[in-house]
Structure formats: structure tokens, C-alpha cells
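Data first, discussion second: the structure below is written as C-alpha cells.
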Amino acid sequence: MTVARRGDTTVVIDTGGTRTKGAGTDSISVIAPDSTAPFRTPAAGPLGVPVPPGAGLSTPGTPGSSFPPVAPADVAALRAKSPAVPVAGVAKEKLVDSFDDARGASRRHNAIDIVAPRNTPVVATTDGRVLKLHNSTAGGLTIYATDASSRYIFLYGHLDSYRPGLMEGAAVKRGEIIGFVGTTGNANPTGPHLHFAITRSDNVREWWKGTPLNPFLVYRGE
Ligand SMILES: [Zn+2]
């Protein structure tokens with residue numbers, strides 16, 4: 001049992017049994033590493049939305065921590081930021097839409113994969129702030145960041161490494177190098193790529209929550 005204080009609300013998280021680690025630590029080893037399976041977000045819930053390791057039973061309906069609807073206006077708002085393709089040197093015309101691809105029996109990918117050689121720089125897609133540097137069995141080294149409006153969360157997964165010195169809470173500029181492409185987590189070791197996801201959030205302090213939004217539509221949608 002973990003009691004986390006968030007603002008003036010106390011959130012009680014029943015981590016159950018021996019799973020005593022809190023959010024932000026890797027406790028999803030129940031998912032066997034699968035070198036051929038694309039990245040599944042940490043301990044994805046029944047709808048394929050990411051749930052933090054150790055908080056899978058956290059209080060549903062907690063004010064300010066829901067999964068807000070995604071509207072076409074959200075895609076338009078992101079597109080208006082002229083977001084950078086998050087892998088250096090990759091043209092947006094090269095992006096492939098795998099957002100709706102099945103991952104396992106009941107999950108969707110809810111992300112796009114951007115193939116690039118190992119150690120290709122990963123750049124911040126918009127101005128914003130680093131929310132969390134996270135390491136999990138599935139996603140490997142991952143950066144969660146938000147945009148300047150704190151309405152959207154960007155997830156950069158399977159990184160080979162973070163940019164040296166990158167800190168949680170740090171401001172980042174569009175195009176700034178934040179990490180490097182790799183195969184950490186359950187990525188195929190011979191297929192380096194960036195797993196890139198966007199969620200609509202209403203409380204970026206809960207960086208693992210949000211409604212998936214297709215990045216492909218942001219870069220390529222008409
Ligand atoms: Zn992926």
C-alpha cells in the first residue's frame with residue numbers, strides 16, 4: 001500500500017501483495033521481455049492506456065487524473081506548434097502509421113515507431129518540459145515530456161541513452177536533443193527505433209495517464 005500526496009488530495013494506491021514499489025519504479029517484470037514484440041506501454045490497462053507500474057489499482061475517477069476525450073481540435077492544436085519529427089534527420093513523409101496496430105490480444109499500439117540507426121539523436125517535438133525519466137521492462141529507457149500548455153504528454157521509448165545531464169523538470173526546446181535511439185526494453189535488438197506516443201492529459205503530474213492521440217495525424221494528417 002502506498003499513500004501518495006498530490007496537492008490536497010491523498011491518493012491511496014493498493015499495490016497488492018509484494019508489489020510494494022511506487023510509480024516510477026520498474027515493477028512490471030510480470031511481463032516477460034519479448035525481443036520481437038513492439039513496445040507495449042508500461043502495464044497497459046484494459047484499453048491499452050498506460051498505467052504506472054505499481055499503480056494499476058489506483059482510484060478511478062480521481063478528479064484531475066482522468067482520460068479526457070481527444071477531439072480533432074487537439075490534433076489541430078498540436079499541428080499548430082509545427083512539431084519536430086522526434087528523430088533527427090527523419091522527414092515526416094517517411095513516417096508510418098501503426099497507431100491502430102494490434103499488440104497482443106486486447107491492446108493497440110497507440111504510438112508510432114520511427115526506425116533509425118542506433119544512437120541517432122532523439123529531439124523534443126515541441127517546447128515543453130521533461131516530466132519523467134522512466135525505465136521499464138517493456139519500454140526501456142523512456143522520456144515523458146509535456147508541451148508548453150501542459151495538455152499533452154509525449155513519450156519517447158526504447159532509448160539507448162538519455163542526453164547526459166537531462167533532468168526531470170528541465171525545460172526543453174523544440175528540436176533539442178534529449179536522447180538517442182536504441183533498443184532498450186522489449187524492442188528487437190536488431191531493429192533500433194523510437195517508440196513515440198502522444199496522450200491528451202488533464203494532469204501532467206500523472207505522467208502515465210492520458211488519452212492516446214495518433215502522432216501520425218499530427219505530422220501527416222490533412
Ligand atoms: Zn512502438
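Nothing here was measured: the structure is a model prediction, and the numbers come from that model.
Checked by atom type and distance alone, the side chain of Thr142 pairs as donor or acceptor with a backbone atom of Gly140 at under 3.5 Å. In this structure a side-chain-to-backbone donor-acceptor pair under 3.5 Å is missing from Glu168 to Lys132. Checking side-chain atoms of Arg163 against main-chain N and O of Ile177 turns up a donor-acceptor pair under 3.5 Å. Counting only distance, with no hydrogens or angles, the side chain of Ser201 and the backbone of Asn203 share a donor-acceptor pair below 3.5 Å.
The side-chain heavy atoms of Phe180 and Val122, taken from C-beta on, include no pair separated by under 4.5 Å. The closest side-chain heavy-atom distance from His195 to Leu155 is below 4.5 Å. Side-chain contact check for Lys209 versus Ile153: every heavy-atom pair is 4.5 Å or farther apart. At least one side-chain heavy atom of Leu213 sits under 4.5 Å from a side-chain heavy atom of Val75. The side-chain heavy atoms of Val85 and Leu95, taken from C-beta on, include a pair separated by under 4.5 Å. At least one side-chain heavy atom of Phe99 sits under 4.5 Å from a side-chain heavy atom of Pro212. In this structure, the side chains of Asp160 and Val181 stay at 4.5 Å or more apart for every pair of heavy atoms. Tyr144 places none of its side-chain heavy atoms less than 4.5 Å from the side chain of Leu133.
Placement of Ile114 and Ile178 within a single hydrophobic cluster is found when ILVMFWY residues are connected by side-chain heavy-atom separations under 4.5 Å, directly or transitively. Residue Val218 is grouped with residue Val70 when hydrophobic side chains (ILVMFWY) are merged at heavy-atom distances under 4.5 angstrom, including chains of intermediate members.
For the pair Ala84 and Ala124, the tightest heavy-atom approach, listed with the atom from each and the gap, is CB-O, 4.0 Å. The shortest non-hydrogen separation linking Ala197 to Ala111 is CB-CB, 3.8 Å. Across Thr120 and Pro117, no two heavy atoms sit closer than the pair OG1-O, 2.6 Å. Closest approach of Ala116 to Val87, counting heavy atoms only: CB-CG1, 3.7 Å. Scanning all heavy atoms of the two residues, the minimum distance from Arg220 to Lys92 falls at CD-O, 3.1 Å.
Judged by distance alone, the side chains of Arg118 and Thr183 do bring a donor and an acceptor atom under 3.5 Å apart. Side-chain contact, Ser98 with His109: a donor N or O sits under 3.5 Å from an acceptor N or O. Side chains of Tyr219 and Thr125: a donor on one and an acceptor on the other come within 3.5 Å.
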Evaluate salt bridge (Lys or Arg N to Asp or Glu O under 4.0 Å) for Arg151 paired with Asp74, printing each intermediate quantity in order.
CA-CA 9 Å; Arg151 294 173 65 206; Asp74 290 304; 3.4 Å; yes

Check the pair Thr199, Thr211 against side-chain contact (heavy atoms from CB on, under 4.5 Å), reporting the backbone distance first and the verdict last.
CA-CA 5 Å; Thr199 58; Thr211 307; 5.7 Å; no

side-chain contact (heavy atoms from CB on, under 4.5 Å) for His158 and His193? Distances and angles first, verdict last.
CA-CA 7 Å; His158 297 321; His193 67 276; 3.3 Å; yes

Could you go step by step and tell me if Asp97 and Asn214 meet the side-chain contact (heavy atoms from CB on, under 4.5 Å) rule?
CA-CA 8 Å; Asp97 186 1; Asn214 188 349; 3.2 Å; yes

Test side-chain contact (heavy atoms from CB on, under 4.5 Å) on Tyr152 and Thr126 and set out the steps.
CA-CA 10 Å; Tyr152 304 99; Thr126 70; over 6 Å; no

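Results of the side-chain contact (heavy atoms from CB on, under 4.5 Å) test with Val172 over Val130, Asp147, Thr146 single out Val130 as the only residue that passes.
Between the OG atom of Ser149 and the NZ atom of Lys81 there is a distance of 4.5 Å, given to the nearest 0.5 Å. Annotation: the span from Leu194 atom CG to Asp113 atom CG amounts to 8.0 Å, rounded to 0.5 Å.
Taking the centre of each ring, His134 and Trp207 come in below the 6.0 Å mark.
Salt bridge annotation for Asp127-Arg174: absent, with no cationic side-chain nitrogen under 4.0 angstrom from a carboxylate oxygen.
Under the rule for a ring pair (Phe, Tyr, Trp, His ring centres under 6.0 Å), the partners of Phe196 that lie at least two apart in sequence or sit in another chain are Tyr156.
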